[in-house]
Amino acid sequence: MSRSRGFEKGHYVHSFKMATSTEKKSAAPVQIPKPVKFLYGGLAGMGATVFVQPLDLVKNRMQMSGEGGASRQYKTSGHAIRAIIAGEGVLGLYNGLSAGLLRQATYTTTRLGIYTTLFDMVSGPDGKPPNFLTKALIGMTAGATGAFVGTPAEISLIRMTSDGRLPVNERRGYSSVFNALARITKEEGLVTLWRGCGPTVARAMVVNAAQLASYSQAKQFLMGTGYFQDNILCHFGASMISGLVTTIASMPVDIAKTRIQNMRIIDGKPEYSGAIEVLRKTIQKEGVFSLWKGFTPYYTRLGPHTVLTFIFLEQLNKFYRTKIAKSTE
């Protein structure tokens, strides 16, 4: 595969299909079966989550801080980290890890699998990649489908990472993601597992349209300068540029999703009727810039998570090509 085709095809598809640098031009690259693509995509996302889970927790805590005009519990990301460690210990930064892993196993597996499948379908007969708009559209489709599948794990993650900020007598105290899923179903009904599904799907569409499409454009731009080669440094730079675009575009939807999924039912009435009410109340009581509350941990998480996912994915693909595929020849 040529370099030009590599950075045109987009981040995830490129990592799924890129042949090793030692392959001869005449040799056909090993084709990885679609089920394996789904599996490796999920595993790569889960591996990255282990490293960035504390940032996800801090982001969720900051988005809930100051809700309804109350005084903010955390002034900055650093203050939030110090307060969490002081009150809950270092391991408190990993509250909700099981939910984060399940979210990757469901959301990321579905998202990447569908994205690469659709990418293959819309690519030209000569392997020419689709244009920017088409990449954005298939990214939105893949993200929406993955978000619907991953919403139960998402709502568990939001609640588990937000639990520590509540008074002890108000905490839900889920012991694991499976305990959370079981108790939510039993105490609030099965449909509650998809509470906030609308803004979750909307956020995923925004994130994937921005992330998957802007990453390939950023990578193409960096390589076009002549100062970057197709390596980890380039991938990291493109990821951080893509992450900035994605963070700015998706955070208002993300904060609406977070608050809806964490809301309580008071006297039989939910705190919010929908995402629009969350945004309206947030702007009225906390100011318009509160829609980007938790910007730093959100942005700091997004870039490294993409890079780590890419690195793990490359290693899994390499393992398949060099170990599994050769053993079956």
Side-chain angles (χ1 to χ4, degrees), residues 56-70 72 96 99-100 103 106-108 110-111 136-137 139-163 165-166 172 180-181 184 188-212 243 245-295 297-299 301-302:
D56 214 14
L57 182 140
V58 171
K59 183 267 294 184
N60 289 338
R61 292 282 182 93
M62 291 187 71
Q63 288 185 334
M64 296 304 302
S65 176
E67 184 178 14
R72 294 189 179 187
R103 179 180 181 274
T106 52
Y107 167 67
T108 302
T110 303
R111 176 178 71 125
L137 289 174
M140 291 171 67
T141 302
T145 307
F148 180 81
V149 174
T151 295
E154 178 85 17
I155 196 170
S156 301
L157 175 64
I158 296 299
R159 292 189 176 192
M160 292 177 74
T161 53
S162 300
D163 213 31
R165 61 178 287 275
L166 299 172
R172 296 180 172 100
L181 294 172
I184 291 171
E188 304 173 55
L190 182 65
V191 177
T192 305
L193 292 176
W194 277 271
R195 177 184 291 169
C197 184
T200 301
V201 168
R203 172 192 173 277
M205 293 175 70
V206 173
V207 166
N208 282 274
Q211 187 182 53
L212 295 177
V245 174
T246 305
T247 299
I248 294 172
S250 66
M251 278 211 74
V253 184
D254 190 70
I255 197 169
K257 172 195 72 67
T258 298
R259 294 191 174 185
I260 286 176
Q261 292 180 327
N262 193 57
M263 72 178 178
R264 292 180 175 275
I265 305 299
I266 303 174
D267 297 327
K269 185 179 179 181
E271 292 179 82
Y272 304 107
S273 60
I276 299 299
E277 184 181 11
V278 175
L279 297 175
R280 179 177 59 80
K281 286 186 175 180
T282 301
I283 292 173
Q284 284 181 346
K285 297 180 179 181
E286 303 170 53
V288 67
F289 290 107
S290 63
L291 296 178
W292 285 271
K293 190 184 295 181
F295 182 95
Y298 188 102
Y299 174 57
R301 173 196 177 279
L302 200 59

Problem - Short side-chain to backbone donor-acceptor contact, R61 and T161, under 3.5 Å - result: yes
Nearest heavy-atom contact between M160 and A99 is SD-CB, 3.9 Å
Side chains of V206 and T246: does their closest heavy-atom pair fall under 4.5 Å? no
Do NZ/NE/NH1/NH2 and the carboxylate oxygens of K281 and E286 come within less than 4.0 Å?
no
Between the CD1 atom in I155 and the OG1 atom in T192, the distance rounded to the nearest 0.5 Å is 7.0 Å
Note: L157 and G100 closest approach over all heavy atoms is CD1-N, 3.8 Å
Problem set entry | More than 12 heavy atoms from other groups under 6.0 Å of CZ on F148 | no
If we ignore hydrogens and angles and just use 3.5 Å, is the side chain of W292 paired with the main-chain N or O of I248 as donor and acceptor? yes
Taking atom types as modelled, is there a side-chain donor on T151 or Y107 under 3.5 Å from an acceptor on the other?
-> no
For residues 192-211, the salt bridge (Lys or Arg N to Asp or Glu O under 4.0 Å) pairs (sequence neighbours left out) are E188-R195, R203-D254
The reported gap from CD1 in I255 to CG in N60 (rounded to nearest 0.5 angstrom) is 10.5 Å
All heavy atoms of P199 vs all of V253, minimum pair found to be O-CG1, 3.4 Å
Closest non-hydrogen contact found for M251 with F295 is SD-CA, 3.5 Å
Rounding to 0.5 Å, atoms OG (S290) and NZ (K285) come to a distance of 12.0 Å
Residues pairing under salt bridge (Lys or Arg N to Asp or Glu O under 4.0 Å) where one sits in residues 141-151, two or more places apart or in two chains, turn out to be none
Scanning both residues in full, the closest heavy-atom pair of V278 with A256 reads CG1-CA, 3.7 Å
To the nearest 0.5 Å, atom OG of S162 lies from atom CG of L57 at 7.5 Å
Check the pair R259 / I158 against side chain to side chain contact (heavy atoms under 4.5 Å, CB included), numbers first and verdict last.
CA-CA 9 Å; R259 294 191 174 185; I158 296 299; over 6 Å; no
When rounded to the nearest 0.5 Å, the distance separating OG1 of T247 from NZ of K59 is 10.0 Å
| Quick check: does any side chain N or O of R159 sit under 3.5 Å from a backbone N or O of Q261, one acting as donor and the other as acceptor? | yes
Tightest non-hydrogen contact, residues M263 and E271, listed as CA-OE2, 3.3 Å
In this structure, CD of E277 is separated from CD1 of I260 (nearest 0.5 Å) by 9.0 Å
